[in-house]
Amino acid sequence: MLVRTLDASSISGYTRCMNGSAADLLKNLNEPQRQAVSHRDGPLLVLAGPGSGKTRVITRRAAHLVRTGVPTPNILAITFTNKAADEMRRRIDELGVARGMWVYTFHALGVRLLREFGSLARVRPGFTIYDVDDQIRLVKEAMDHAQVPEASLKAEQIQHRISRAKNQLQTPEAFARSANFSEGRMVAGVYAEYERRLERNNAVDFDDLLMRIAVMLRDYPDLAESLGRRFRYLLIDEYQDTNHAQYLIARYLSQHHRNICVTGDPDQSIYGWRGADLNNILEFERDYPDAKVVRLEENYRSTQRVLHVADTLISANARRKHKKLFTANAPGAPVRLWNFYEGRDEANRIAETISRLRAGGRGYGDFAIMYRVNALSRGLEEAMRNRGIPYRIARGVEFYNRKEIKDTLAYLHVLVNPDDDIALLRIINTPTRGIGKTTIDRLKLLAAEQRTTLMNVLANVSAFPEMRVSAPKILPFVALLGRMREALEKPVSECVSAVLSMSGLEDDLRKEHESGGEDRLANVQELVSAAGVYEAEALEPGIAEFLSRISLTSDQDAIDAGASSVLMLSLHAAKGLEFPIVFVVGIEQGLLPHDRALAGDGDIEEERRLLFVGVTRAQEELYLTHARQRLIRGALTPRSPSQFLKNLPHDGLEAQDFDDGPRASADYDEEHSQAPRRGWQPRSGFADPTHSKNMRLFAARRRRPGDEFGENELNIPAPQVQPPAASRFADWKIGTLVQHKEYGVGQVQWIQPSAEQTRAGIKFPRVGEKTFILEKAPIQLLKR
DNA sequence: TGGAGCGTAATTTTT
DNA sequence: TTACGCTCCA
């Protein structure tokens, strides 16, 4: 009964696509690849070494299933990032067969199923998804309530423990039972209160998106059975990174047909610290004794020497599946191992090398510099700037919490889900409206006493004598929310605009900008246009869905490997990418392996895998570097070479020692401190939309001529001059939504007017970015 | 109530 | 080095 909605309605009505034959899909594949693509029924484990054409195999396999008669709605493909999901959908679509197929991340699948079966998982419609930031706030609230002082255990740690417990499907009760020590019991208490609050707020956290689905499938076998029947074929990518909850979901969904195909590489498992369980892939054959195992060992990416270094390095690990990497590629240049006196020398030598190779014909986009911790990017940045090398940084957390975006979204969350106390607390005094800590504490106390949400207290604030003093501040706020609620009827982008202007956020940000601050107004305006793109592209656009899409979008989705600038990124962020020339810096004890891993609460093998991931990103040239001392947190600290250097082979490697002591370094200093810093501006001055995760959501990556230089403008101020206002395209700006006769709705990415014609790059949801001469193209401004 | 000023503690971050 | 949280004072 529960399952009716999913099963019957959707399967019929999809016509199977017949262009191209199944045999075509087996062309241009090596033997193991062909086996993986054509394998039909029963469990399949594809162990895919780096650069072995894994994505190709997965997409071809999905297409092959369809072309040999499996209706698309019977296939479920699961990835780890939205980017990967989009990419897979796109590539399957290119093969002519994506329509109707479920291609999701585990978490998006969770949202989808919770929307449908939420009542079985203690979730009401309109639920909010809490990200890590929200989770920590909620943990703090719970700690307050449970009278746990933050001094005893930090909220982050408790959040981490709760997250671990949820991955293991452990309820607060189970957690309490297993807790032997007072600390554990304390965490259990906070966990229980945290859960009560989630429920009261009608919210779920990231882990719930997995846990609740796994519990639901466990507790409602008829649901598991009918979903399992529907999904005749299950494909899961990056299986080495699944945690226990994801493992269970995969098991429940595949138990009927047992057609589970997982792909991955134990050697590239780098998220153990986040609960990923390497055993899931290592013991796949124990779980499915009849599994067929295919090894993709031929590498199409790297030179023989790079691969040899990678292979030798990783053989030092014990927890792995045997694989022998090989390639038909050329031997290539020796892998360089460079040693420096100081971190700055390392950075300068790399910058110099990039300049030299670039003069020899390489593009800046051919280079990537990787490090274990983001903090290492600083010195590199400086060296790049000094030499005028354009670069981009794929930074992690920095993008996560754009305050202005989170504030705006918090308003929307409150409108959609008034029970969301965390969002309400965020906006109750933002912008400031005289509702301070004392008032808020009283409101919280009342909510706790009445066992209700803050919103209910606010709505009845006049009923509480103790709130008499602050009521004049609170009532207008309640009224404001009431007026805003009317805006929910409007299209999503207008609703966002309305919230911005009505809340006063917009005015605040404008003032801040005018008084010389950051242009954060531009960021929230980008949110409006992202909403516009979403509206144009979604089947049934709605605020609630817009918000959950945002919650599930991450920084990772933004890395754009195509631009012509040097990319600097963490080793974690590098997974899945490739570059002709790669530098891995700071290969030192305490950094790689990181201190935390050395201290024992980490995993040395995982650290080695990180280096392996870095090494295997290189197509042609690889440089591994370390220094004898380096500036860390402002202090010059002595460093020693990483233990992993002992795992490298002697052949194919060329070690160079640039450590000629302090004097050489001083020379460098002198030389470079004189270098003109052409036009560099402080990073804080930028309102680059790509800095906010929300902007990168709906593919609204801004690019315009001259932007290859990323955030450091190296050229003379780019010719971003607007044309004479007479142009009939004067209204067209970056972010403007337009309608193309053939491609539909798109968004202006860049625009370049000149005397005779105006060229512009327009990005479309389906076909990506296209360049047009506006005077000639069948294109016009989108009218609402 | 809210801003300034100081002390403290710092991986990685698919969702 | 930097970012955040807390305390203190206007």
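Chain identifiers are assigned alphabetically (A, B, ...) following the order of the sequence lines, protein sequences preceding nucleic acid strands; residue numbering begins at 1 within each chain. Fair warning: this is a prediction, and the values are worked out from it, not measured in the lab.
Considering only the side chain of A:Arg378, C:dT1 comes nearest among C:dG5, B:dT12, C:dT1. Considering only the side chain of A:His594, B:dT11 comes nearest among B:dA10, B:dT13, B:dT11. For A:Lys154, counting side-chain heavy atoms from C-beta on, the closest listed nucleotide (B:dA10, B:dT14, B:dT12) is B:dA10. In this structure, of B:dT12, B:dT11, B:dG2, it is B:dG2 that holds the atom nearest to the side chain of A:Asn429. The side chain of A:Arg372 sits closest to B:dT12 out of B:dT12, C:dG5, B:dT13. Side-chain proximity of A:Thr432 to C:dT1, B:dG2, B:dT11: nearest is B:dG2. Of the candidates B:dT11, B:dT14, B:dT13, B:dT14 carries the atom nearest the A:Thr81 side chain, counting heavy atoms from C-beta on.
Close to B:dT1, at under 4.0 Å from its OP1 or OP2, lies a side-chain N or O of A:Thr438. For B:dT11, the OP1/OP2 oxygens have no side-chain nitrogen or oxygen of A:Ser570 closer than 4.0 Å. Distances shown here put a side-chain N or O of A:Asn374 below 4.0 Å from the OP1 or OP2 atom of B:dT13.
If you check every strand for non-hydrogen atoms under 4.0 Å, A:Thr439 touches sugar and phosphate atoms only.
Between A:His572 and A:Tyr271, the ring-plane angle classifies as tilted under the 30° and 60° cut-offs.
Rounding to whole angstrom units, NZ of residue A:Lys403 and P of C:dA3 are separated by 16 Å. Rounded to a whole Å, the CE atom of A:Met143 is 13 Å from the P atom of C:dG5. Atom P of nucleotide C:dG5 and atom CD of A:Glu156 are separated by 8 Å, given to the nearest angstrom. The CG atom of A:Leu636 sits 12 Å away from the P atom of C:dT1 (whole-angstrom rounding). For the pair A:Ile604 CD1 and B:dT12 P, the computed distance is 17 Å after rounding to whole Å.
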Side-chain donor-acceptor pairs under 3.5 Å in residues 630-640 of chain A, sequence neighbours left out?
residue	atom	partner	partner atom	Å
A:Arg630	NE	A:Glu588	OE1	3.1
A:Arg630	NE	A:Glu588	OE2	3.4
A:Arg630	NH1	A:Glu346	OE1	2.9
A:Arg630	NH2	A:Glu346	OE1	3.1
A:Arg630	NH2	A:Glu346	OE2	3.3
A:Arg630	NH2	A:Glu588	OE2	2.5
A:Thr637	OG1	A:Arg630	O	3.0
A:Arg639	NE	A:Glu588	OE1	3.0
A:Arg639	NH2	A:Gln589	O	2.9

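By the criterion of a centre-to-centre distance under 5.5 Å and near-parallel planes under 30°, the ring of A:His572 forms no stack with the base of B:dT12. Once the 5.5 Å centre distance and the 30° plane angle are applied, the aromatic ring of A:Trp273 is found not to be stacked with the base of B:dT11.
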Q) Between A:Lys511 and A:Asp507, does a salt bridge (Lys or Arg N to Asp or Glu O under 4.0 Å) hold up when you go through it step by step? A) CA-CA 6 Å; A:Lys511 277 184 211 130; A:Asp507 288 341; 5.7 Å; no
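No side-chain N or O of A:Asn167 forms a donor-acceptor pair with one of A:Arg274 less than 3.5 Å apart.
Remark: side-chain polar atoms of A:Thr432 are not paired, donor with acceptor, to backbone N or O of A:Asn429 under 3.5 angstrom.
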